[in-house]
Amino acid sequence: YCTIVAADTSDFSYLSCPACGRRALPGHAEGAACGACGGPAPARAYRLLLSVATHDRVFPVVLFDRAARVLLGCPADELARLFAAHRGAARAAADALQGEMCRLALREPTKDGAEHLRAVSVVPLRDGFRSVADTLRTLYSRAGG
């Protein structure tokens, strides 16, 4: 069990190829066929870095696509469009996550050079939890777009 202390929403995603098993691709590949397999145009996938606090320590955790979608509530492409359309949305997303209590299942890094624990599942603990996407849609619909 932990509390989210901070979220880095400045670099929350990467481009991946659905045909390659979500393999990370360089940023310039957006809209083009995958250079590795010739598959479909890459899509964004989440790589969200959080700082979480337990009863005795604070540490960084990375959430990839499946786990991040639980908190964020939409595909990474959609969140990128929300951030692009609304100035301050990335900061508002980080603020929405701060203080959320959740249960995380963690795994040690699997790739050489990876430095953060990986969350393989996330369960928000607050009754009435709303995803970041839902929070942002509500915020920006009230603000007139």
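When a residue number appears, it is its place in the shown sequence, counting from 1. The figures that follow rest on heavy atoms only: side chains count, while hydrogens, waters and symmetry mates do not.
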Between [atom1] of [X] and [atom2] of [Y], what distance do you get to the nearest 0.5 Å?
X	Y	atom1	atom2	answer
L139	D134	CG	CG	11.0 Å
T135	R130	OG1	CZ	4.5 Å
L106	H116	CG	NE2	13.0 Å
R107	L117	CZ	CG	11.0 Å

Measuring only between side-chain heavy atoms, which start at C-beta, is [X] closer than 4.5 Å to [Y]?
X	Y	answer
L82	L79	yes
V70	L63	no
R118	P109	no

Worksheet entry | Any residue meeting ring-ring contact (aromatic ring centres under 6.0 Å, His included) with F64, in chain and number order, not counting sequence neighbours | none
For the student: nearest non-hydrogen atoms of [X] and [Y], plus distance:
X	Y	answer
L72	L97	CD2-CD1, 4.1 Å
C2	T54	CB-CG2, 4.2 Å
A93	T9	CB-CG2, 4.1 Å
P124	C102	CA-CB, 4.0 Å
A45	D65	CA-OD1, 3.4 Å
L49	P60	CD1-CB, 4.2 Å

Worksheet item: Does any N or O in the side chain of Y140 come within less than 3.5 Å of the main-chain N or O of A89, such that one atom is a donor and the other an acceptor?
Response: yes
Discussion item. Can you tell whether the side chains of E78 and R137 come within less than 4.0 Å, N to carboxylate O?
Written reply: yes
List in chain and number order the residues that pass side chain to side chain contact (heavy atoms under 4.5 Å, CB included) with [X], two or more places apart in sequence or in another chain; answer none if no residue qualifies.
X	result
S121	A105
Q98	D95
R126	E100, F129

Fill in: R81: salt bridge (Lys or Arg N to Asp or Glu O under 4.0 Å) partners, not counting sequence neighbours
none
Worksheet item: If Ile, Leu, Val, Met, Phe, Trp and Tyr residues are connected whenever their side-chain heavy atoms lie under 4.5 Å apart, and connections chain through other members, are V123 and V120 in the same group?
Response: no
Worksheet item: Should the heavy atoms of other residues, nucleotides or ligands under 6.0 Å from OH of Y1 be counted, would the total exceed 12?
Response: no
Worksheet item: Is it the case that more than 12 heavy atoms not belonging to D56 sit under 6.0 Å from its CG atom?
Response: yes
Discussion item. The criterion is side-chain hydrogen bond (donor to acceptor under 3.5 Å, both in side chains); which residues satisfy it with R66, sequence neighbours excluded?
Written reply: none
